[in-house]
Amino acid sequence: MILSCNPNMDKVSSDCPYPGCFFCVMKEGNPSKRRASILKFFRELPAQDDDGQVLPISGLWNTAMAHPNDPEFIELGIFECMAALIWKGLKNRRWLSHDQNIYIPYYAAHIIGSYTMNMEEFAESAVHAGVIPPLVELLRGRLTWVEQRVAVRALGHLATYASTFPAVASHGEILELSIQLAMSSLEIVYSHFYQYVDRRLSYHCDLLTRGMGGVEMESRKAEEWASQLQCWSLQLINCFAFKPEFLPTICKPEFLTKLPGMWGGLVNENSPAGIGLLRTICHHKLGRGPVASCPGIIESLCNIARSSDDWQYMTIDCLLWLLQDPSTCHKVIDKAVPALVDLAEITTLGDHKKFGDSIVNVLEECVQSQGTGRNAFSNRTKELIEELLNSRQRLKWEKNMPKEDLHIKQAAALVVKLEGNSLFSSGNISGAASKYSEALALCPMRSKKERVVLYSNRAQCHLLLQQPLAAISDATRALCLHNPLNRHAKSLWRRAQAYDMLGLAKESLLDAILFINECSQSNDPDLSLRQNKVPDYAERLVKKQMRAAWLFREAAIKHGGVHCEGDAGDIYGRETDDSEWETASESDIGNDGRDEMGNDDDDDEDDDDSEWKNDDERKEKYDKSSMKDLKHGYNVQLAEDEP
């Protein structure tokens, strides 16, 4: 195994002037001498004060990342050496500030995290070597946020294994520190690094960019690392959440209510973040009670369940578990049922097979058990479940119907849909929505393509009638019916607009991005991206939502705006007015907006729609400029036989 971090390593001569030089040691051809020299190096390094110590440490860092499963250095004492170096940096600030030693605690903690990432036996060796106490001190913030990041990463790996978790848990402050870090990490990175370019520590900049790139690259990497700091803190908390005895500490309202908003962002999309932790919490009865007592969490779970979020299935799991628990069902059912009914025709979602059947079975159980007063729910909720169960019964009946009868029903549905299209084109949006509802009642359940079109058309009517909740419902139903799941471009765009009307930036952003992706692969001339150019209306919405969902947005508002130069701050940090919406080129705009797919169900969500219309605060968000994009941004005529 050869370290490659030193570009001059191959040029080290046999008469190297530095006795015990690590790079010379690594070139030793005799295996026994090499092992003895490495062992000696690890034992003596923490006591040395020579310049240039960061070179072999950075070499070890490279090796640990490239070969995390190689046992050689583990057997020779690398964990003891790294723990001692962290302690030295914490206790001897004079040494830490000398030469380039400021980098060493970071590298040491990173090396520990890399070697404990995959191998439980390595993690056991690390615990026996005493790495946890110095990592806890870094977690406290004894140095800076960059060392906190690698410390929480390493502790998260150690907490993953059954054999080493007790050692981590024995340090009671780790859980509390992780919770505080998860809540404050974004603000810490913003205020301590991102906000003021001229105050950035040079070694932070070097670590972030490896000496490549300027201010803009530093800012983008800082956002990525801030997200990792938060997500890795949540991952560490998640290890504790599997143990019921820690749930009372985790399930405090001030922390729980923030979890749905903790996401990896576009820079760390592979982490389930707050949703993943909520799923673990909801898996246990002790966790479900506190979650059910926070209405805002349930509402967020419903929104994410009806979105393009990669962790959609986790939120559905949470809602189903809360409904199956008699002690929490009555608290969440009225909020959860509308979302779950919209999702009931999902077939496969990730590794979940027949997910829709699971939803239907749970809702059916809710109806059967609602006899007791405690589990009673609203009439509207009961109606939604009964409609769903009736549709399932209708599907069974249709299986036994002659094909000729099904063809007649399908033809009748088509005639009614065409009537709806005509009403829509003439400006009678409500009438068109009613026709689409009538067509849905006629259309055979198995005619999924036709039902996708009808739901999507009706969703557009809801948009034009300023009924975003109903639009989200219908667009979601269309997306669940579509094959592949969640890939119907027109429904994605409509739901993105509806979420925008409600001020839900993340959900709108994810749908808008997926819409653009689908357009890039579409054969539909109305959707395909001409000359690979993203439509202006979609680009405007994405930019708007990226600003609103920006990871540092709350911190920037709290600390008085962004003082960062470069694109990262300009694009995401600064508030902009709506002038870019008002001056959109008229070439991107249709006539009066009635050429678009429109849909509305007068009987669906009446209470919510009237609440929207009477809510002045929300209506301010739905301003004139965004109405222009709503009407004209998607300049596609109603298609009679849309795929």
Side-chain angles (χ1 to χ4, degrees), residues 64 68-69 71 74-75 78-80 82-83 86-87 108-142 147-183 185 228-252 255-256 259 262 270-288 290-291 314 317-318 321:
N69 301 336
I74 312 300
E75 297 166 354
I78 192 170
F79 287 136
E80 289 84 353
M82 296 303 108
I86 295 173
W87 277 126
H110 202 295
I111 289 166
I112 294 170
S114 294
Y115 276 123
T116 55
M117 182 167 49
N118 302 323
M119 309 292 287
E120 185 168 5
E121 56 266 39
F122 291 3
E124 292 170 357
S125 298
V127 169
H128 294 149
V131 303
I132 294 179
L135 289 174
V136 171
E137 294 306 306
L138 294 182
L139 186 67
R140 290 184 195 279
R142 287 276 303 275
E147 289 83 14
Q148 282 181 301
R149 171 180 168 271
V150 288
V152 76
R153 169 179 177 262
L155 289 168
H157 293 161
L158 295 175
T160 301
Y161 305 110
S163 61
T164 52
F165 174 79
V168 176
S170 67
H171 295 262
E173 66 270 43
I174 289 180
L175 179 56
E176 290 284 1
L177 288 170
S178 300
I179 291 173
Q180 291 301 317
L181 192 56
M183 291 194 291
S185 54
Q228 290 173 347
L229 179 56
Q230 183 178 71
C231 290
W232 292 345
S233 299
L234 293 168
Q235 180 182 333
L236 178 52
I237 299 165
N238 196 63
C239 296
F240 284 88
F242 281 105
K243 310 292 183 180
E245 60 267 30
F246 297 106
L247 287 175
T249 301
I250 298 170
C251 294
K252 294 177 180 177
F255 178 57
L256 285 181
L259 287 178
M262 294 182 185
N270 293 325
S271 171
I275 295 302
L277 178 54
L278 273 174
R279 184 175 185 268
T280 302
I281 292 170
C282 287
H283 195 262
H284 198 281
K285 187 176 184 67
L286 289 178
R288 289 193 288 271
V291 170
M314 290 189 172
D317 282 342
C318 291
W321 291 336

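Everything numeric here is computed off the predicted structure, so don't read it as measured data.
- The side-chain heavy atoms of V152 and L155, taken from C-beta on, include no pair separated by under 4.5 Å.
- Under the side chain to side chain donor-acceptor pair (under 3.5 Å) criterion, N270 pairs with no residue at all, not counting sequence neighbours.
- With sequence neighbours left out, H284 forms a ring pair (Phe, Tyr, Trp, His ring centres under 6.0 Å) with no residue at all.
- Residues Y161 and V127 are not in side-chain contact: their nearest non-hydrogen atoms beyond the backbone lie 4.5 Å or more apart.
- Considering only residues two or more places apart in sequence or on other chains, E120 meets the salt bridge (charged side-chain N to carboxylate O under 4.0 Å, His left out) condition with none of them.
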Contacts table for residues 231-248: side-chain donor-acceptor under 3.5 angstrom, sequence neighbours left out:
unit_1, atom_1, unit_2, atom_2, d
S233, OG, L229, O, 2.7
N238, OD1, T280, OG1, 2.6

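- With a 4.5 Å cut-off on side-chain heavy atoms, V291 and C318 do not count as touching.
- Of all non-hydrogen atoms in F255 and I250, the two that sit nearest each other are CD2-O, 3.3 Å.
- With sequence neighbours left out, the ring pair (Phe, Tyr, Trp, His ring centres under 6.0 Å) criterion links W87 to no other residue.
- Side-chain atoms of C251 and I281, non-hydrogen and from C-beta on, do get closer than 4.5 Å to each other.
- E147 pairs by the side chain to side chain donor-acceptor pair (under 3.5 Å) definition with T144, Y203, not counting sequence neighbours.
- Closest heavy-atom contact between V168 and A159: CG2-N, 4.0 Å.
- In terms of heavy atoms, T116 sits closest to A154 at OG1-O, 4.3 Å.
- Among residue pairs with one or both ends in residues 148-167, none qualify as salt bridge (charged side-chain N to carboxylate O under 4.0 Å, His left out); sequence neighbours excluded.
- Pairs engaging residues 228-242 under the salt bridge (charged side-chain N to carboxylate O under 4.0 Å, His left out) rule: none recorded [sequence neighbours left out].
- What you find for S185 and Q230 is that their closest heavy atoms are OG-CB, 3.2 Å.
- Here the closest non-hydrogen pair linking L158 and A126 is CD2-CB, 4.3 Å.
- Here CD1 of I112 is found 9.0 Å from CD1 of I78. Values are rounded to the nearest 0.5 Å.
- Residues P272 and M314 have side chains in contact (heavy-atom distance under 4.5 Å, counting atoms from C-beta outward).
- Looking only at distances, a side-chain donor or acceptor of H128 sits under 3.5 Å from a matching main-chain atom of E124.
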Do any side-chain atoms of residues 170-182 form donor-acceptor pairs under 3.5 angstrom with protein atoms, and if so which ones, sequence neighbours left out?
unit_1, atom_1, unit_2, atom_2, d
S170, OG, A167, O, 2.6
E173, OE2, R140, NH2, 3.0
S178, OG, I174, O, 2.8

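- Between Y115 and A64, the shortest heavy-atom contact is CE1-CB, 3.5 Å.
- By the side-chain contact (heavy atoms from CB on, under 4.5 Å) test, P68 pairs with M117, N118, sequence neighbours left out.
- The ring pair (Phe, Tyr, Trp, His ring centres under 6.0 Å) search around H110 returns W61, Y106, not counting sequence neighbours.
- Taking the side chain to side chain donor-acceptor pair (under 3.5 Å) definition, one finds that K285 meets it with D325, S327, sequence neighbours left out.
- The backbone N or O of T160 lies less than 3.5 Å from no partner atom in the side chain of T164, so there is not a single donor-acceptor pair.
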